[in-house]
Asker: 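Please see the structure below; I have some questions.
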Number of protein chains: 2
Amino acid sequence: MAHLDDDDPDTFDLRSFLPFLLNQAAEESSLEFQRVYKNRYGMLRTEWRVLFHLGNYGEMTARDIVLRAKIHKTKVSRAVRGLQQRRYLHRLRDENDRRVEQLSLTASGQAVYRELRDIARDYDAKLAARFTTGEAALLRMMLRRLAGMD
Amino acid sequence: MAHLDDDDPDTFDLRSFLPFLLNQAAEESSLEFQRVYKNRYGMLRTEWRVLFHLGNYGEMTARDIVLRAKIHKTKVSRAVRGLQQRRYLHRLRDENDRRVEQLSLTASGQAVYRELRDIARDYDAKLAARFTTGEAALLRMMLRRLAGMD
DNA sequence: GATTATTGGTTGGTTTTGTAACTATCAAGC
DNA sequence: GCTTGATAGTTACAAAACCAACCAATAATC
């Protein structure tokens with residue numbers, strides 16, 4: 001295995017390449033939280049995200065979630081069905097525009113949301129504790145900018 | 001859709017939650033580069049990553065790549081086969097340990113590597129230009145720590 | 001007010017990924 | 001040197017993601 005020379009103009013460190021680095025950090029830092037919603041609650045990634053949106057914002061349509069979380073509509077559609085089958089949410093046809101369904105959490109959906117939200121909050125604090133308060137704030141700002149969320 | 005109150009102890013903004021934020025930033029910031037290796041070169045994500053390692057470090061085994069890039073061995077195995085079918089790399093059985101194969105790029109593999117590497121370098125610079133030099137360095141440091149790469 | 005375009009949402013088929021189990025080779029202990 | 005246990009890499013099957021086409025309802029155009 002050849003020696004890595006940082007000054008070599010032909011050298012390029014994949015491990016400093018932002019898209020790669022972001023992806024590795026995202027994967028690694030979601031592992032522990034994933035174990036909770038997946039193994040303990042039997043939920044998928046998109047399901048948890050949709051659950052959160054409804055838990056946090058109350059009533060939304062699938063379209064609202066697509067726009068706000070930038071999740072593809074087929075994924076949202078399937079997550080909604082999954083959550084409905086678990087009786088975590090119910091759909092209400094909008095009588096003004098009958099294409100649309102208003103989604104909201106059931107009582108048990110809200111209960112699960114609150115549990116997971118608290119776990120997420122603790123977990124986030126744990127991750128952020130690896131940096132100073134200022135660094136963590138800067139990190140979130142930079143990530144939001146990279147994600148096109150500002 | 002309810003109003004978001006940051007001071008409400010029951011409120012939790014998914015869009016500030018690091019695992020979510022990291023994921024969104026990773027997806028968004030790899031889109032443009034993905035179009036290049038995917039549409040222009042017909043490569044998959046893991047294939048590009050493996051190609052890079054061989055282009056950058058010369059000769060490696062699949063195991064070296066697994067350890068260095070933290071990519072699962074089945075993904076590496078499939079990417080190696082894909083690259084081999086495109087004649088971008090060839091395998092050489094290690095006679096000292098016949099379980100191992102030394103992997104290295106062919107001439108055309110090296111040519112593609114150099115093209116993609118230059119594109120990646122430009123693209124990374126473009127992403128980093130949204131921050132000051134110090135901020136970008138800090139960002140990479142923090143991501144490396146979150147990814148367990150330090 | 002019939003026709004066309006757009007929008008919200010779902011479905012079907014193909015790729016990719018994830019997970020386990022598997023083969024082959026080597027290493028260690030006895 | 002034979003058994004047991006690791007290690008490098010592959011394969012098979014299930015779970016998930018991706019993409020395109022689709023339906024139904026509404027909006028826009030003439």
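Atom set for the values below is all heavy atoms of this structure, side chains included, hydrogens, waters and symmetry mates excluded. Below, read A as the first sequence line, B as the second, and so on, with proteins coming before strands; counting in each chain starts at 1. Just so it is clear, the structure is predicted and the values come from calculations on it, not from any experiment.
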Asker: Let me know the distance between OH of B/Tyr37 and C1' of C/dT16, rounded to the nearest Å.
Answerer: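 From B/Tyr37 OH to C/dT16 C1': 12 Å.
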Asker: Does a side-chain N or O of B/Ser77 approach OP1 or OP2 of D/dG9 to a distance below 4.0 Å, or not?
Answerer: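 B/Ser77 to D/dG9 OP1/OP2: no side-chain N or O under 4.0 Å.
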Asker: Whole angstroms only, please: what is the CG-C1' distance between B/Asp97 and D/dA6?
Answerer: 12 Å
Asker: Take A/Arg93 and B/Arg45, find for each the nucleotide of DNA chain C with the closest heavy atom, and name the residue whose nucleotide sits nearer the 5' end.
Answerer: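 Looking at DNA chain C, the more 5' nearest nucleotide goes with A/Arg93.
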Asker: Take A/Lys38 and A/Arg91, find for each the nucleotide of DNA chain C with the closest heavy atom, and name the residue whose nucleotide sits nearer the 5' end.
Answerer: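 That would be A/Arg91.
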Asker: Could you check how far CG of B/Leu83 sits from P of D/dG9, rounded to whole Å?
Answerer: 15 Å
Asker: Tell me yes or no: between the side chains of A/Tyr41 and A/Glu115, is some donor less than 3.5 Å from an acceptor?
Answerer: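 Side-chain D/A pair, A/Tyr41 to A/Glu115: present.
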Asker: May I have the distance from A/Ile71 (atom CD1) to D/dA17 (atom C1'), rounded to whole angstrom?
Answerer: 13 Å
Asker: Is the gap between the ring centers of A/Phe17 and B/Phe33 under 6.0 Å?
Answerer: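 Close enough - the centres of the two rings lie under 6.0 Å apart.
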Asker: Listing time: all N or O pairs from protein to nucleotides 12-14 of chain D that are below 3.5 Å?
Answerer:
unit_1: D/dA12; atom_1: N6; unit_2: B/Arg78; atom_2: NH1; d: 3.4

Asker: Would you please confirm or rule out a distance under 4.0 Å between OP1 or OP2 of D/dT10 and any side-chain N or O of B/Lys73?
Answerer: no
Asker: Round to a whole Å and report the spacing from CZ of B/Arg98 to P of D/dA6.
Answerer: 24 Å
Asker: In terms of side-chain heavy atoms of A/Arg63, which of D/dT26, C/dT7, C/dT16 is nearest?
Answerer: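 Out of D/dT26, C/dT7, C/dT16, the nucleotide with an atom closest to A/Arg63's side chain is C/dT7.
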Asker: Give one of base, sugar-phosphate or nothing for B/His72, where a contact means two heavy atoms less than 4.0 Å apart.
Answerer: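 Since a base atom lies under 4.0 Å of B/His72, the category is base.
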Asker: Please step through side chain to side chain contact (heavy atoms under 4.5 Å, CB included) for the pair A/Asp64 and A/Arg68, ending with a clear verdict.
Answerer: CA-CA 6 Å; A/Asp64 291 335; A/Arg68 189 174 274 272; 5.9 Å; no
Asker: Ignoring hydrogens, what is the shortest heavy-atom contact between B/Pro19 and A/Tyr123? Give both atom names and the distance.
Answerer: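 Scanning both residues, the minimum pair turns out to be CG-CE2, 3.9 Å.
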Asker: Mind calculating the distance between CG (B/Asn96) and P (C/dA27) to the nearest angstrom?
Answerer: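 B/Asn96 atom CG is separated from C/dA27 atom P by 10 Å.
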Asker: Could you tell me the separation between the CD atom of B/Glu101 and the P atom of C/dA24, rounded to a whole number of Å?
Answerer: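 Whole-Å distance recorded here is 14 Å.
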Asker: Just how far, in rounded Å, is C1' of D/dT26 from CZ of A/Arg99?
Answerer: 4 Å
Asker: Is it true that B/Phe12 and A/Phe52 have ring centroids separated by less than 6.0 Å?
Answerer: yes
Asker: Should A/Leu54 and A/Glu59 count as side-chain neighbours, where that means a heavy-atom distance under 4.5 Å?
Answerer: no
Asker: With a 6.0 Å cut-off (strictly less than), is the heavy-atom count around NZ of A/Lys70, excluding the residue itself, greater than 12?
Answerer: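 Yes, because the 6.0 Å sphere around NZ of A/Lys70 holds more than 12 heavy atoms from other groups.
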Asker: So which nucleotide from C/dT11, D/dT11, D/dA25 ends up closest to the side chain of A/Arg81?
Answerer: C/dT11
